[in-house]
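Just so it is clear, the model here is predicted, and its values are computed rather than measured. Basis for what follows: all heavy atoms, side chains included, without hydrogens, waters or symmetry-related copies. Numbered from 1 within each chain, the chains take letters A, B, ... in sequence-line order.
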Amino acid sequence: MSDQLELRLSGSGGQGLITAGIILAEAAIRDQKNAIQTQSYGPEARGGASKAEVIISNEAIDFPKVTIPNMTFALTQVAANKYISDVSEEGTVIVDDSIELPEGIVAKHIYKLPIIEAARNDVGKEIVANIIALGVIVGLTKIVTEESLEAAIMARIPKGTETLNQMALQKGYELANQSK
Amino acid sequence: MSDQLELRLSGSGGQGLITAGIILAEAAIRDQKNAIQTQSYGPEARGGASKAEVIISNEAIDFPKVTIPNMTFALTQVAANKYISDVSEEGTVIVDDSIELPEGIVAKHIYKLPIIEAARNDVGKEIVANIIALGVIVGLTKIVTEESLEAAIMARIPKGTETLNQMALQKGYELANQSK
Amino acid sequence: MNNPLVENYFRVDKLPHIWCPGCGHGIIMSAIARAIEKSGLDKDKVCIVSGIGCSSRAPGYMDFNTLHTTHGRALAFATGVKLANPELEVIVIAGDGDLSAIGGNHLIHAARRNINLTTICFNNNIYGMTGGQYSPTTATGDKGTTAPYGNIDRPFDITQLAAGAGATYAAKATVYHVNQLQKYIEAAIGHKGFSMVEAVSVCPTYYGRKNKKGSAVDMMNWLKDSFVDMKIAEKMPEKAVGKFVMGEYVNKVEPEYTELYDQVIERLKG
Amino acid sequence: MNNPLVENYFRVDKLPHIWCPGCGHGIIMSAIARAIEKSGLDKDKVCIVSGIGCSSRAPGYMDFNTLHTTHGRALAFATGVKLANPELEVIVIAGDGDLSAIGGNHLIHAARRNINLTTICFNNNIYGMTGGQYSPTTATGDKGTTAPYGNIDRPFDITQLAAGAGATYAAKATVYHVNQLQKYIEAAIGHKGFSMVEAVSVCPTYYGRKNKKGSAVDMMNWLKDSFVDMKIAEKMPEKAVGKFVMGEYVNKVEPEYTELYDQVIERLKG
Amino acid sequence: MSKVIKFLQGNEACVEGALMAGMRFYSGYPITPSTEIAELSSEKLPKVGGKFIQMEDEIAGIAAAIGASLTGKKAMTATSGPGFSLKQENIGYAAIAEIPLVVVNVQRGGPSTGLPTSPGQGDVMQAKWGTHGDHPVICLTPDSVKETFDLTIRAFNLAEKYRTPVILLTDEITGHMREKIEIPEVSELEIYDRVMPEKGADYKAYRLDEGDLVPKMAPFGSGFRYHVTGLMHDETGFPSNSTENADVLIKRLMGKIEANKEDIITYEAYETDDAEYLILSYGGTARTAKAAVKKLRAEGIKVGLFRLITVWPFPEEQVRALSEQVKDILVAELNFGQIKLEVERVVKGNANVRLCGKANGEILTPEELMKAFKEVL
Amino acid sequence: MSKVIKFLQGNEACVEGALMAGMRFYSGYPITPSTEIAELSSEKLPKVGGKFIQMEDEIAGIAAAIGASLTGKKAMTATSGPGFSLKQENIGYAAIAEIPLVVVNVQRGGPSTGLPTSPGQGDVMQAKWGTHGDHPVICLTPDSVKETFDLTIRAFNLAEKYRTPVILLTDEITGHMREKIEIPEVSELEIYDRVMPEKGADYKAYRLDEGDLVPKMAPFGSGFRYHVTGLMHDETGFPSNSTENADVLIKRLMGKIEANKEDIITYEAYETDDAEYLILSYGGTARTAKAAVKKLRAEGIKVGLFRLITVWPFPEEQVRALSEQVKDILVAELNFGQIKLEVERVVKGNANVRLCGKANGEILTPEELMKAFKEVL
Amino acid sequence: MAVSKDDLMVHIKEEWCKGCGICIAYCPKKVLGFNEHGKVSMLDRDNCIKCGMCEMRCPDFAIFLGGKENV
Amino acid sequence: MAVSKDDLMVHIKEEWCKGCGICIAYCPKKVLGFNEHGKVSMLDRDNCIKCGMCEMRCPDFAIFLGGKENV
Ligand SMILES: Cc1ncc(C[n+]2csc(CCOP(=O)(O)OP(=O)(O)O)c2C)c(N)n1
Ligand SMILES: Cc1ncc(C[n+]2csc(CCOP(=O)(O)OP(=O)(O)O)c2C)c(N)n1
Ligand code: SF4
Ligand code: SF4
Ligand code: SF4
Ligand code: SF4
Ligand code: SF4
Ligand code: SF4
Ligand SMILES: [Mg+2]
Ligand SMILES: [Mg+2]
């Protein structure tokens with residue numbers, strides 16, 4: 001993976017993937033990198049699949065949108081069908097293991113990981129799937145330091161949910177390590 | 001007088017000078033001439049002095065406004081102070097005889113005629129001063145034919161006022177003839 | 001299979017609609033369709049006009065002559081449609097923002113003219129489409145994304161406002177009280193002159209979340225408990241204390257605008 | 001010499017004003033000045049805002065902070081002035097067209113917010129400035145240059161409209177009943193919250209001529225005969241038959257917008 | 001069939017023309033100096049079974065006219081600067097939804113309330129750019145009462161032919177002055193009526209059938225139930241977020257004007273054949289220019305007049321061609337230099353472009369123009 | 001005094017900048033994609049004793065802001081295309097009455113409701129010409145979150161300095177994307193505060209005192225009672241029908257911008273020194289352009305980027321100078337060619353001017369731009 | 001500073017009078033009339049009761065009650 | 001053409017159901033419930049009184065009373 005990460009996170013409306021994108025970008029900034037985060041608005045935002053994109057780079061980022069992502073991530077089938085296929089051939093695809101991969105995906109790495117299940121069963125709250133996702137992504141790419149990621153998470157989450165999110169993050173790292 | 005008449009009629013709001021301008025222009029059109037009529041709108045229209053301008057010509061009239069009138073006409077002092085002075089040196093000034101001419105007016109002909117008085121006393125209605133004015137102007141300039149003028153007047157005035165306006169018109173011709 | 005109502009009056013290929021789960025707007029749209037069916041109108045002669053907003057998406061789903069205009073202007077467009085062709089039954093669909101914020105002037109003037117338009121206000125007390133800003137019907141103290149410390153505006157009672165401006169038919173019901181709602185819409189369609197039905201809706205996504213009102217069902221329960229029928233309120237005022245009153249606020253006959261205009265035309269012919 | 005009132009409250013170099021002989025607007029302007037005098041306001045702290053129209057020329061003559069805005073928008077500008085500096089006593093002058101046609105929306109929203117503005121509507125039932133088109137207050141059947149066959153619109157009762165939209169003070173009087181007019185304006189200035197006084201005016205030039213209403217005096221006589229005081233109308237309804245009612249339609253106290261906003265600011269400090 | 005000769009104001013001629021063109025609906029809000037258009041429409045429309053309505057403001061004025069047009073009626077609204085600004089949002093609506101409509105702007109002195117009873121030509125760029133987003137524009141401007149009559153008819157024809165709002169820009173002078181005008185018989189006029197789909201046709205509201213310039217337009221109520229929106233839409237008329245559809249639509253909207261420029265553009269080239277200098281003008285000001293050109297010609301100066309009749313689309317090729325012939329182009333307009341900018345653009349440096357303009361409520365006189373002209377000699 | 005680093009949306013940065021510039025009043029009406037500006041203002045203003053009000057529509061939104069500005073408060077309103085169209089009449093009012101004001105337009109796809117959640121740059125000509133009549137215009141456009149912050153401050157400064165509405169044009173991309181931004185201390189910033197007359201001064205609201213760029217502006221309530229109008233007025237502020245006064249006023253209004261172009265105009269010239277080709281762009285699209293220029297340079301092509309930061313007044317001299325140096329100018333913008341027209345105008349045929357534009361809701365990619373660029377090679 | 005009616009009298013500012021006749025019509029004592037220029041004039045000062053209604057209804061500030069000394 | 005209740009039954013269009021639970025909450029007979037996908041399902045057809053309230057209140061046209069033969 002080049003040191004420029006072009007990541008697309010996707011899922012359904014309420015799964016917190018935009019927040020995840022922001023946290024990742026903020027972690028990158030804590031690491032003195034550049035980062036930019038965009039998302040698609042539009043009527044789809046209501047109900048259907050939603051996506052957030054993050055670019056992290058050591059250089060100045062001119063063009064702000066991800067065109068050929070080197071990493072795509074999906075938490076739902078609908079999102080996977082729509083948003084993961086255009087990953088670069090050298091890139092990585094990560095999906096929840098409930099998802100059937102659309103046909104014809106070419107990518108260097110493809111991971112199917114039990115993210116939602118882990119959120120539900122291991123951590124106990126489906127809502128933290130996005131934080132598990134961050135653990136997975138950073139565990140696999142080391143695109144940001146663990147300290148920065150943790151600090152960025154702690155700065156964004158509601159008071160009182162620190163332990164929960166810590167657990168989720170660790171779970172994400174775990175899933176990443178297991179699949180390396 | 002060249003055969004292009006550039007006339008400015010002025011007076012106070014209700015004196016019907018705009019109607020007079022229109023009638024004169026319509027008479028010219030009956031004579032197969034060209035004519036154009038303009039007036040100044042603006043807050044002055046309410047209360048203060050008002051003016052109507054008419055250009056009558058055998059040629060096409062390009063520029064629609066009177067710049068240096070070859071005839072100016074005023075029924076009130078206020079109007080006279082404002083609107084008659086820029087008459088051309090070769091031109092004609094006609095004012096009601098109640099008016100004191102502003103200083104420094106240079107014009108070939110200057111007529112002070114008892115128009116309002118004639119309207120009030122001879123015809124019996126001050127409101128027809130504008131028709132007397134038309135008689136005076138046409139009587140002096142022959143810019144339109146008497147037939148056309150009469151027809152144009154008849155086409156514009158309220159039904160039932162024909163005789164009154166006839167009288168006024170004749171009075172105007174009379175005043176013109178007397179002052180030639 | 002589909003509901004025959006849907007087959008008859010909707011553009012089935014555009015469904016399911018885009019509204020959020022539990023959004024009250026769907027309930028109102030369905031009540032309108034049933035009211036049109038009951039009124040026995042010819043589809044080709046019905047024109048549905050809306051502005052912009054979540055509510056204003058409705059015409060796109062409905063199989064009539066449909067006109068999605070600019071924000072707030074539905075009634076002004078509709079006035080042109082109706083006056084130009086009084087044969088058309090013109091129904092206007094508008095959100096509370098669309099109708100009473102940016103479109104407030106057109107509402108009071110259409111009402112004043114008593115032009116034969118039927119307006120259904122989808123009142124969810126919020127700007128849904130733009131993400132939850134307070135609207136002219138948001139209750140004082142409630143929150144919106146632009147009222148983070150609680151709204152200090154006083155809300156309009158849209159039905160009152162329309163009545164005050166001259167609507168000859170004005171009624172209010174909620175998406176919980178859907179039978180009445182449909183009945184009023186039917187009456188409004190049948191009414192000659194300007195009519196408005198305020199359909200109190202729910203927006204669980206923005207209004208609900210911002211104001212911790214719970215699920216769509218919780219919000220419907222709140223409607224159930226907070227509104228009382230005008231007739232009951234009149235007979236037993238004690239039952240109406242602290243509640244909103246629904247019912248027919250006005251229902252009267254006065255000369256209708258397009259008819260008066262036609263009379264002018266007739267007179268000029270004669 | 002001049003009237004001391006004129007010396008104190010007017011821009012004498014701008015007088016005499018441009019209004020037509022017998023135009024009622026001058027009577028209203030003078031009543032406003034007297035009401036301001038009675039209220040003992042500091043001239044530097046009074047801001048008079050108008051839109052566009054014959055009526056809207058008034059601020060140009062009056063020696064305060066004066067703001068002549070765009071047609072219909074006076075209340076919207078005034079809302080900004082008042083909220084930005086609640087110390088200012090903001091008085092809005094607007095014609096019937098300015099306030100209830102193009103400006104109708106701002107009227108109902110200012111009233112709804114109960115923001116402490118005092119609005120004086122110069123209602124001559126016509127668009128004077130543009131030469132006599134019918135306005136939203138022109139009586140049905142009356143003529144205007146755009147209603148050559150008689151107006152088919154129904155008129156607004158502007159006082160009712162403001163009251164219906166939430167004005168906490170709304171009163172009506174005529175230029176004939178100038179004592180009451182002045183009293184209501186004084187009360188409106190003193191009132192905290194949105195207040196409106198509808199000053200029924202006369203436009204002999206356009207409304208009068210078009211509708212053969214005679215001279216300014218004839219029109220004043222008509223006002224005298226056609227309006228009855230609310231108190232009399234209540235006591236002796238038979239005297240009010242076929243007449244317009246003038247008086248204080250609403251006068252109540254409710255929380256005022258700029259004060260509520262200041263409370264929010266205070267709360268956030270604490 | 002003798003011709004009727006009348007002595008009319010420009011505003012009156014506009015209404016006469018509109019009625020002959022088939023106007024059956026007028027909605028608007030009064031404003032000086034356009035008000036006579038509303039007044040005369042209110043008087044004449046009901047006599048021919050048409051409808052007039054005075055709306056609560058200019059926004060409602062254009063909105064109602066669009067609504068009426070959708071029912072198959074030819075519709076018009078008229079205003080002046082402040083009202084024209086207010087109408088902008090819905091002009092864009094009519095453009096994207098392809099609703100035929102005539103919008104008259106009798107220009108006065110701007111900006112804002114400006115000089116309400118004085119002439120100006122300060123809205124000519126606004127006529128092209130006033131609403132947000134790219135959109136098709138047709139804008140015509142007459143120089144006389146007679147041409148006001150003619151161009152009003154043409155405005156209706158173009159509106160119907162290209163399914164688009166057409167802006168007729170006049171000004172206080174042209175609107176209020178009275179001139180002789182010969183009113184032709186309707187039968188002598190070319191009147192373009194809206195192309196409607198055949199009954200029972202498989203109708204898509206925004207689909208081009210073969211040979212169509214624009215999609216056929218079914219009146220509401222005629223049995224074709226379709227959807228109209230100001231959102232980007234596909235050929236069925238329904239909103240679409242697809243960038244491909246948006247591309248097709250916006251290109252078609254812009255393209256229908258671009259491709260038919262020859263049909264739309266009219267102008268007057270007066271004494272330009274041998275011209276070494278050019279005065280370019282339009283609207284009422286072009287009369288000053290013509291007077292000046294005549295006087296300058298009389299002095300032996302080879303100057304010609306190019307008068308825009310269609311302002312938008314701009315007669316780009318024609319002006320460029322002339323710019324290769326002349327040394328200097330003096331643009332005469334009642335503003336601070338608006339069309340001057342467009343002329344500068346199209347001449348690509350071929351000729352010197354100068355302005356004789358003012359924006360103080362007065363019209364240009366031939367003398368002023370001649371003086372400005374002579375500065376280059 | 002360590003700097004605060006934040007990760008903000010463009011719309012958020014706008015509010016942060018506004019507050020630092022001294023904004024104390026916001027009035028507006030929500031519209032995608034500008035709404036966050038209102039939302040954040042509603043949250044932050046009361047915390048600093050400022051006022052936020054959601055008005056009944058966009059017209060009222062700008063009207064209230066003008067009213068507030070007259071009391072001495074720095075005021076802002078934000079919107080997008082449809083609302084920008086509605087605000088036009090009162091933008092002209094602020095221009096003629098010389099009321100400092102910042103109007104933000106976060107552009108989306110037009111015309112009309114268009115593509116409400118997609119970016120566009122179709123309002124850039126409207127920013128200059130949207131209101132009727134000649135009027136002064138300042139318009140700035142940022143290409144990043146940080147520059148949104150900076151230009152919002154600059155917009156307030158210019159508004160106050162030149163007593164005029166300043167338009168900040170951003171777009172859906174810049175408004176909604178999040179980037180790193182270093183928030184400086186207020187003390188590091190240049191903040192321009194309104195010049196007020198001295199107490200007791202012999203004050204005429206529209207008289208230029210010696211050394212003034214613009215007339216001093218007394219807040220309503222400060223003891224200077226004067227008159228403000230949208231009519232043409234004389235130096236006392238009172239309406240005047242005199243053509244001389246109108247002339248003086250309109251020339252001063254236009255002139256204060258023209259004469260201070262150097263102060264107002266900013267731009268970025270990137271790799272232009274040895275450039276044989278130029279890409280000209282602005283706003284979010286300029287980032288695409290910069291990426292393309294970098295790639296093209298990497299291929300050895302001598303291409304530079306001229307990025308407009310001030311759109312209006314247009315950096316005419318700068319672009320013309322470059323046009324003498326390069327063979328070809330490719331204008332990259334998210335519309336059908338708006339600034340392209342202005343470039344054509346100013347280069348006077350010196351260079352070939354081409355467009356790489358689209359108006360379908362997508363942004364331009366570096367690849368598309370490179371492809372378009374290479375057509376000229 | 002209350003002013004006694006005795007110190008007051010009706011003043012006319014003829015230049016500003018537009019001759020609408022309103023003050024004349026509603027003067028309770030009918031002491032006002034037109035002069036030959038169509039402007040208001042005081043016909044019977046003695047019977048004027050200084051009620052101020054003329055001032056209140058004059059649209060043009062052309063008639064008012066003012067201090068005697070200022071005449 | 002009046003249809004007898006006997007010929008009617010509740011139909012569910014599962015693809016359109018968004019699982020809001022409104023029909024379930026207000027079914028007077030409480031015969032409706034969620035299925036494992038969070039969509040509505042008929043739990044107790046026999047006790048359904050065919051009152052149609054589910055249809056009237058469903059925002060999504062996902063549940064309605066229709067003719068039996070069409071199932
Ligand atoms: C002129 C204009 N201003 C603002 C908007 C943005 N906008 C679209 S819908 C809307 C309000 C929607 O609220 P409402 O009318 O109550 O409908 P809801 O979405 O709640 O059903 C707004 C502010 C717009 N499209 N056009
Ligand atoms: C946007 C706009 N539309 C229309 C006008 C024209 N106009 C000026 S004043 C006016 C109406 C005046 O009527 P009203 O408000 O009743 O005041 P009046 O003159 O009767 O006192 C109109 C239509 C304008 N100046 N601006
Ligand atoms: S946002 Fe609210 S109003 Fe809009 S569809 Fe969702 S629930 Fe309904
Ligand atoms: S036109 Fe009417 S309202 Fe205007 S000044 Fe004259 S009388 Fe008054
Ligand atoms: S003060 Fe009274 S009595 Fe005297 S003139 Fe005036 S109105 Fe008549
Ligand atoms: S009311 Fe005033 S203007 Fe009218 S006649 Fe009397 S003094 Fe003159
Ligand atoms: S028809 Fe009535 S009883 Fe049967 S499921 Fe629906 S709501 Fe329940
Ligand atoms: S009401 Fe409709 S959408 Fe909601 S659960 Fe029932 S069937 Fe599903
Ligand atoms: Mg709503
Ligand atoms: Mg009026």
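With contacts defined as side-chain heavy-atom distances shorter than 4.5 Å, the pair E:Pro116/F:Met232 does not qualify.
When the candidates F:Val248, F:Leu231, F:Val347 are compared by the number of heavy-atom contacts under 4.5 Å with chain E, F:Leu231 comes out ahead. Each of F:Gly230, F:Ala246, F:Gly349, F:Gly92 has some count of heavy-atom pairs under 4.5 Å with chain E, and the biggest count is that of F:Gly230. Here F:Leu115 is the residue among F:Val346, F:Leu115, F:Leu249, F:Val124 with the most heavy-atom pairs under 4.5 Å with chain E. Heavy-atom pairs under 4.5 Å with chain E were tallied for F:Pro82, F:Gly110, F:Gly361; the largest tally goes to F:Pro82.
Heavy atoms of E:Leu253 lying under 4.5 Å from chain F are absent altogether. Looking at E:Ala95, neither its backbone nor its side chain comes within 4.5 Å of chain F, counting heavy atoms on both sides. The part of E:Met254 that comes within reach of chain F is its side chain, from C-beta onward, which places non-hydrogen atoms under 4.5 angstrom from that chain.
Applying the ring-ring contact (aromatic ring centres under 6.0 Å, His included) test to residues at least two apart or on different chains, none of the pairs has a partner in residues 338-364 of chain F.
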Anything under 3.5 Å between chain E and chain F that's a donor-acceptor pair? List each one with its distance, please.
from, atom 1, to, atom 2, distance (Å)
E:Gly81, O, F:His132, ND1, 3.3
E:Ser85, OG, F:His132, N, 3.3
E:Ser85, OG, F:His132, ND1, 2.8
E:Ser112, N, F:His132, NE2, 3.2
E:Ser112, O, F:His132, NE2, 2.8
E:Thr113, N, F:Gly230, O, 3.2
E:Gly114, N, F:Gly230, O, 2.8
E:Gly114, O, F:Met232, N, 2.9
E:Gly122, O, F:Gly133, N, 3.2
E:Asp123, OD1, F:Gly133, N, 3.0
E:Gln126, NE2, F:Gly130, O, 2.8
E:Gly130, O, F:Gln126, NE2, 2.8
E:His132, N, F:Ser85, OG, 3.3
E:His132, ND1, F:Gly81, O, 3.2
E:His132, ND1, F:Ser85, OG, 2.8
E:His132, NE2, F:Ser112, N, 3.2
E:His132, NE2, F:Ser112, O, 2.8
E:Gly133, N, F:Gly122, O, 3.2
E:Gly133, N, F:Asp123, OD1, 3.0
E:Asp134, OD1, F:Phe336, N, 3.2
E:Asp134, OD1, F:Gln338, NE2, 3.0
E:Asp134, OD2, F:Phe336, N, 3.1
E:Gly230, O, F:Thr113, N, 3.2
E:Gly230, O, F:Gly114, N, 2.8
E:Met232, N, F:Gly114, O, 2.9
E:Thr243, OG1, F:Glu362, OE2, 3.3
E:Asp247, OD1, F:Asn360, ND2, 3.0
E:Phe336, N, F:Asp134, OD1, 3.2
E:Phe336, N, F:Asp134, OD2, 3.1
E:Gln338, NE2, F:Asp134, OD1, 3.0
E:Glu344, OE1, F:Arg345, NH1, 2.4
E:Arg345, NH1, F:Glu344, OE1, 2.4
E:Asn360, ND2, F:Asp247, OD1, 3.0
E:Glu362, OE2, F:Thr243, OG1, 3.3

Item to complete: For the pair E:Ile59 and F:Ile59, evaluate side chain to side chain contact (heavy atoms under 4.5 Å, CB included) and give the outcome as yes or no after the intermediate values.
Response: CA-CA 11 Å; E:Ile59 299 174; F:Ile59 300 173; 3.9 Å; yes
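Contact detail for E:Ile250 and F:Ala359: the closest heavy-atom pair is CG2-O, 3.9 Å.
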